[in-house]
2 protein chains.
Amino acid sequence: MDLDTARARVLDAAEALFYERGVQAVGMDLIRSASGVSLKRIYQLFPAKEQLVEEFLRVRDARWRRRLAEHVTSAGDAHGPREAILAVFDWLHLWFDEPGYRGCAFINAFGELGTVSPSVAGIAREHKEEFRRYFAGLVAAADRPAPLADQLLLLAEGAITTSAITGSAEPARQARDAARTLLNATESA
Amino acid sequence: MDLDTARARVLDAAEALFYERGVQAVGMDLIRSASGVSLKRIYQLFPAKEQLVEEFLRVRDARWRRRLAEHVTSAGDAHGPREAILAVFDWLHLWFDEPGYRGCAFINAFGELGTVSPSVAGIAREHKEEFRRYFAGLVAAADRPAPLADQLLLLAEGAITTSAITGSAEPARQARDAARTLLNATESA
DNA sequence: ACGATGTGAGAACGATGATTCTCCACGTAA
DNA sequence: TTACGTGGAGAATCATCGTTCTCACATCGT
């Protein structure tokens with residue numbers, strides 16, 4: 001097995017396990033057995049667990065935003081910038097329905113490690129900032145006032161955590177309805 | 001020191017430490033030194049750490065909801081049911097500005113332990129369900145359609161986590177603005 | 001073939017944590 | 001006073017975890 005595939009396998013295993021059970025509940029030995037990569041190799045690739053945790057978050061951030069953007073862009077191309085905004089919530093609904101959905105990995109990591117690890121706290125902050133920026137772009141493209149972006153972000157974040165705890169994807173629909181109301185309220189502005 | 005005060009001191013220390021650093025990052029020995037109660041006594045009062053964690057969450061749930069209700073009730077008595085709803089977000093703003101604010105203890109505990117501990121997951125679920133129920137009562141008192149309660153809940157949850165990660169209390173104001181818009185949108189309904 | 005290098009399996013190490021145990025001081029009932 | 005129960009400080013125990021080390025084995029260039 002070459003280094004790149006070993007690295008990918010470790011990151012895949014780490015992502016699945018960290019997301020499912022939290023960071024501290026997952027030992028390096030479990031990542032070894034799940035990935036099939038020896039401890040020695042894992043420590044060659046990541047000098048310490050903390051680096052693996054950071055890389056897991058960075059990889060997840062990139063993939064999460066790419067998947068979101070793909071879904072939203074195709075909806076926006078087909079139905080315009082207003083529908084693009086609502087498509088964010090449709091995508092959340094799809095996400096919430098995935099098996100093993102456990103909320104936002106960044107909120108979870110922040111809650112678990114934010115006090116102790118400034119780098120984890122920073123990555124979580126950046127992820128949320130990127131998400132906010134993304135909403136800001138959609139709102140600008142739809143010619144709505146900028147504060148709407150922050151409000152939509154709150155709806156999305158609320159849906160993410162509420163869905164995780166209740167185990168239902170319904171909050172995505174509720175957030176979408178609220179988002180539509182907020183959009184309509186700026187219609188004449 | 002009698003048993004009741006020892007119990008109170010342990011729970012106070014546990015709440016402060018668990019909330020600040022997360023559950024797994026806090027050892028029983030730290031709770032002992034912070035509370036001034038010997039390990040022997042702690043284990044008399046709580047047969048295992050897990051029981052202490054559960055009790056910490058229950059105590060926090062009760063106090064959190066009592067404090068919220070106090071603030072909202074006084075606003076509602078003075079300015080009516082519509083202002084009572086908005087007062088929830090004013091109270092969130094006060095909470096976010098408290099030193100050491102780190103988001104919702106239940107979301108954090110759920111993220112950290114939800115997979116591994118069904119009882120923690122259950123307590124978190126109950127807490128959120130109570131919060132939702134509280135919103136439902138306010139919405140009913142203000143004669144608004146029931147689905148509004150779910151939407152307001154999402155705004156509040158979103159503000160709670162966003163404020164924790166960004167370190168700013170501003171999301172409370174943004175959520176309040178969005179809530180006002182949603183309220184106005186049902187004005188004529 | 002042979003030495004150098006790298007690898008995997010798993011033991012070893014040192015730290016930390018949850019839980020229990022030991023030992024001793026102290027107050028108290030007889 | 002004395003025997004006793006209680007409680008505290010902290011050592012002991014046992015497990016787990018992050019990290020490193022050992023060692024036997026394979027690979028490969030010469």
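Below, chains carry the letters A, B, ... as their sequence lines are ordered, and counting in each starts from 1. As a basis for the values below, the full set of heavy atoms in this structure was taken, side chains included, without hydrogen atoms, waters or symmetry mates.
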Would you kindly give the CG-to-C1' distance between Leu17(B) and dG17(C), to the nearest whole Å? 15 Å
Treating Ile, Leu, Val, Met, Phe, Trp and Tyr as nodes and any side-chain heavy-atom pair under 4.5 angstrom as an edge, say whether Ile123(A) and Phe110(A) lie in one connected cluster. no
Going through the distances and angles, do Asn108(A) and Arg102(A) end up as a side chain to side chain contact (heavy atoms under 4.5 Å, CB included)? CA-CA 9 Å; Asn108(A) 292 348; Arg102(A) 279 234 323 136; 4.2 Å; yes
Given the rule that I, L, V, M, F, W and Y join up when any side-chain heavy atoms are under 4.5 Å apart, are Leu153(A) and Ile165(B) in one cluster? no
In plain terms, say whether Arg67(A) and Glu70(A) are close enough for a salt bridge, that is, a side-chain N and a carboxylate O under 4.0 Å apart. no
What's the CG-P distance between Asp29(A) and dT20(D), to the nearest Å? 15 Å
Whole Å only: how far is the CG atom of Leu45(A) from the C1' atom of dG6(C)? 14 Å
Between Met28(A) (CE) and dG14(C) (P), how many Å, whole number? 20 Å
Shortest non-hydrogen separation from Ala178(B) to Leu182(A) and the atoms involved: O-CD2, 3.8 Å
Euclidean distance, atom CZ of residue Phe46(A) to atom P of dT19(D) [Å, nearest integer]: 13 Å
Ionic contact status for Asp12(B) with Arg9(B), cut-off 4.0 Å: no
Spacing of Glu50(B) atom CD relative to dT19(C) atom P, expressed in whole Å: 9 Å
Rounded interatomic separation in angstrom, taking CD from Gln24(A) and C1' from dA18(C): 15 Å
Tabulate protein N/O versus nucleotide N/O from nucleotides 4-10 of chain D, keeping only pairs under 3.5 Å, one per line.
unit_1 : atom_1 : unit_2   : atom_2 : d
dG8(D) : OP1    : Arg41(B) : NE     : 3.2
dG8(D) : OP1    : Arg41(B) : NH2    : 3.4
dG8(D) : OP2    : Ser38(B) : OG     : 3.1
dG8(D) : OP2    : Arg41(B) : NE     : 3.4
dG8(D) : O6     : Lys40(B) : NZ     : 2.8

Nucleotide dA15(D), atom P - distance to NZ of Lys49(B) in whole Å: 19 Å
